[in-house]
Amino acid sequence: MIPTTKDDTTFDNNNKEMPFTSDQIFDAIRNAQGDTPFHLYNGDMIAENARHMIKSFRNHFTHYTNYFAVKATPNPHLLDLLKQQGMGVDCSSFAELILSQKVGFKGDEIMFTSNNTPDKEYQLAYELGAVINLDDITQIDAMKQALGGEKMPRMVSLRYNPGPLKQGNAIIGEPQEAKFGLTAAQLPEAYAKLKALGVDRFGLHCMVASNELQLDYFEETAKLLFNTVAELSRSPMSLTFEMINLGGGIGIPYRPGQKPVDFVQLAQRIANQYNNIILPLLSDQQQYVNANIKEIKIVTECGRVVTGPYGCLITKAIHHKSTYKQYVGVDACMVNLMRPGMYGAYHHITVLKQNNQNNQNNQNNQNNNNLYDIVGSLCENNDKFAVNRSLPNIEKGDILVIHDSGAHGHSMGFNYNGKTRSAEYLFTTTNNNNNETKTFTCIRRGETLDDLFTTLDFSKWDNKDL
Ligand SMILES: *Cc1c(COP(=O)(O)O)cnc(C)c1O
């Protein structure tokens with residue numbers, strides 16, 4: 001994808017709330033001994049949002065859960081927090097499985113949705129009892145062989161790519177162009193093959209959207225999946241489905257003025273489709289009646305909408321440069337948050353005057369705004385957090401809060417130019433006898449030069465004087 005440089009001037013910069021007060025941000029900076037940049041997550045808000053999401057869906061689907069996509073924010077402390085609210089995990093790599101195992105997820109609390117999968121990942125997923133979601137018809141034999149040729153999991157899910165039957169969304173592109181999933185034509189053959197190998201519990205999965213805010217889009221996907229399940233259940237194979245995974249991809253309002261997805265409405269819309277298409281199946285198909293299956297488990301595997309809005313990247317302005325444009329250099333760069341540089345994605349920025357002076361007044365005063373490019377220090381011209389952004393006057397030492405870094409933020413980090421990845425902090429409130437304690441916990445320290453150099457062999461130069 002070619003990075004685009006978006007003109008950001010059309011957006012009103014003063015009407016998007018931070019997940020923290022400015023006082024809390026300065027407390028967090030003091031707590032970090034001034035060592036910016038870092039990502040800061042609001043654990044209270046993440047927990048509340050997770051509970052609300054689960055409750056909205058469980059009103060219709062008793063067994064609903066969201067498998068949190070670990071790649072969004074792979075930190076054990078956040079996974080643990082989500083586990084406490086009743087979420088599972090969606091893993092797609094060896095490391096993500098290990099991380100989930102360490103936090104205590106097991107069995108069907110883990111969904112393993114991988115592609116181009118190495119043998120050892122199937123072995124680990126099987127050992128953990130994860131629900132394995134295969135990406136291709138060839139992966140049936142590949143998994144069987146990886147597991148030694150004798151064993152198969154009792155339950156297997158398949159990832160469906162509807163191709164031309166479903167329009168792609170702007171971010172993820174057209175399904176036909178996606179490397180993921182099986183075609184509609186391959187599904188019956190793949191399920192028949194699994195059945196012949198002794199699998200008797202089935203799942204169907206589809207993920208065709210990313211950062212999508214339209215309810216219609218998800219309702220349509222649900223309808224498509226429910227119809228596919230109905231067709232396969234009524235086919236002569238009489239397949240029994242136990243789980244339908246609607247995937248992730250629920251978007252968040254990155255831009256001011258965008259509306260978040262309403263979970264209550266979304267769940268209601270999906271339930272309407274379920275009641276029309278799935279409910280009749282459960283009473284008229286013998287395999288469901290015999291197995292006494294009253295509900296097919298409906299699940300999602302969202303990452304972004306769970307943590308995204310409740311994290312931000314805290315960075316400090318360190319330089320000002322005026323050439324053909326006005327630049328503000330900050331101490332964070334693209335290795336801390338690559339979405340703007342990689343996708344041309346918009347991340348809102350709130351400027352806080354240093355020492356927290358007049359921040360209340362300043363945020364409402366648009367009169368002394370400037371057009372800035374906010375840049376990092378990589379030798380890459382797309383290392384920009386914002387292009388032509390109208391922001392209040394920024395001086396050296398001011399704090400820039402880059403919003404919505406709570407998912408696909410720190411986790412996409414890298415080490416180009418020898419840059420080290422930052423720390424992550426979790427803000428939580430605990431209530432003891434009406435005594436509120438607010439804590440900032442370091443849940444990942446920043447990388448050091450030793451971390452960066454640990455894979456290099458310097459022994460040849462060890463005894464030389466520097
Ligand atoms: C990335 C991914 C997700 C999570 O996507 P979000 O946009 O964070 O909700 C879920 N499922 C699969 C298979 C993915 O690759």
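In listed order, ligands and their atoms are each counted from 1.
- Residue R304 places at least one N or O, backbone or side chain, under 3.5 Å from an N or O of ligand 1.
- Counting protein heavy atoms only, atom 15 (O) of ligand 1 is closest to K71 NZ, 2.7 Å.
- Between N211 and ligand 1, not a single N/O pair is under 3.5 Å apart.
- Salt-bridge check for E242 with K297: failed, with every basic side-chain N at 4.0 Å or more from each acidic carboxylate O.
- Of all protein heavy atoms, the one lying nearest to atom 10 (C) of ligand 1 is E301 O, 3.0 Å.
- A distance of 10.5 Å separates CG of L239 from CD of Q285, quoted to the nearest 0.5 Å.
- Contacts between A69 and ligand 1, counted as non-hydrogen atom pairs separated by less than 4.0 Å, involve the side chain only.
- Using a 3.5 Å distance cut-off with no hydrogens or angles, the side chains of D119 and Q123 do not pair a donor with an acceptor.
- Aromatic rings from H347 and H403 are positioned such that their centres are separated by 6.0 Å or more.
- Short contacts between ligand 1 and T113, defined as distances under 4.0 Å to a heavy atom of the residue, involve ligand atoms 13 (C).
- For the side-chain hydrogen bond (donor to acceptor under 3.5 Å, both in side chains) condition, the pairs that include at least one residue of residues 96-111, sequence neighbours left out, are S92-E96.
- Residue I250 has no nitrogen or oxygen atom sitting less than 3.5 Å from a nitrogen or oxygen atom of ligand 1, judged on distance alone.
- Nearest protein neighbour of atom 5 (O) of ligand 1, counting heavy atoms only, is M207 CE, 3.6 Å.
- R421 and N415 share a side-chain donor-acceptor pair at under 3.5 Å.
- Contact annotation for V305 and ligand 1: no heavy atom of the residue comes within less than 4.0 Å of the ligand.
- Using a 3.5 Å distance cut-off with no hydrogens or angles, the side chains of N272 and Q268 do pair a donor with an acceptor.
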Checklist entry - Yes or no on salt bridge (Lys or Arg N to Asp or Glu O under 4.0 Å) for K316 and D331, after CA distance, side-chain angles and deciding distance? => result CA-CA 6 Å; K316 190 189 288 169; D331 60 4; 5.4 Å; no
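- Remark: ligand 1 atoms within the under-4.0 Å shell around heavy atoms of H408 are 6 (P), 8 (O).
- Ligand 1 is approached by G249 to a heavy-atom distance shorter than 4.0 Å.
- Residue-ligand proximity, D90 to ligand 1, at heavy-atom distances under 4.0 Å covers atoms 10 (C), 11 (N), 12 (C).
- The ring of H52 has its center closer than 6.0 angstrom to the ring center of F263.
- Residue R159 touches ligand 1 through its side chain alone, judged by heavy-atom distances below 4.0 Å.
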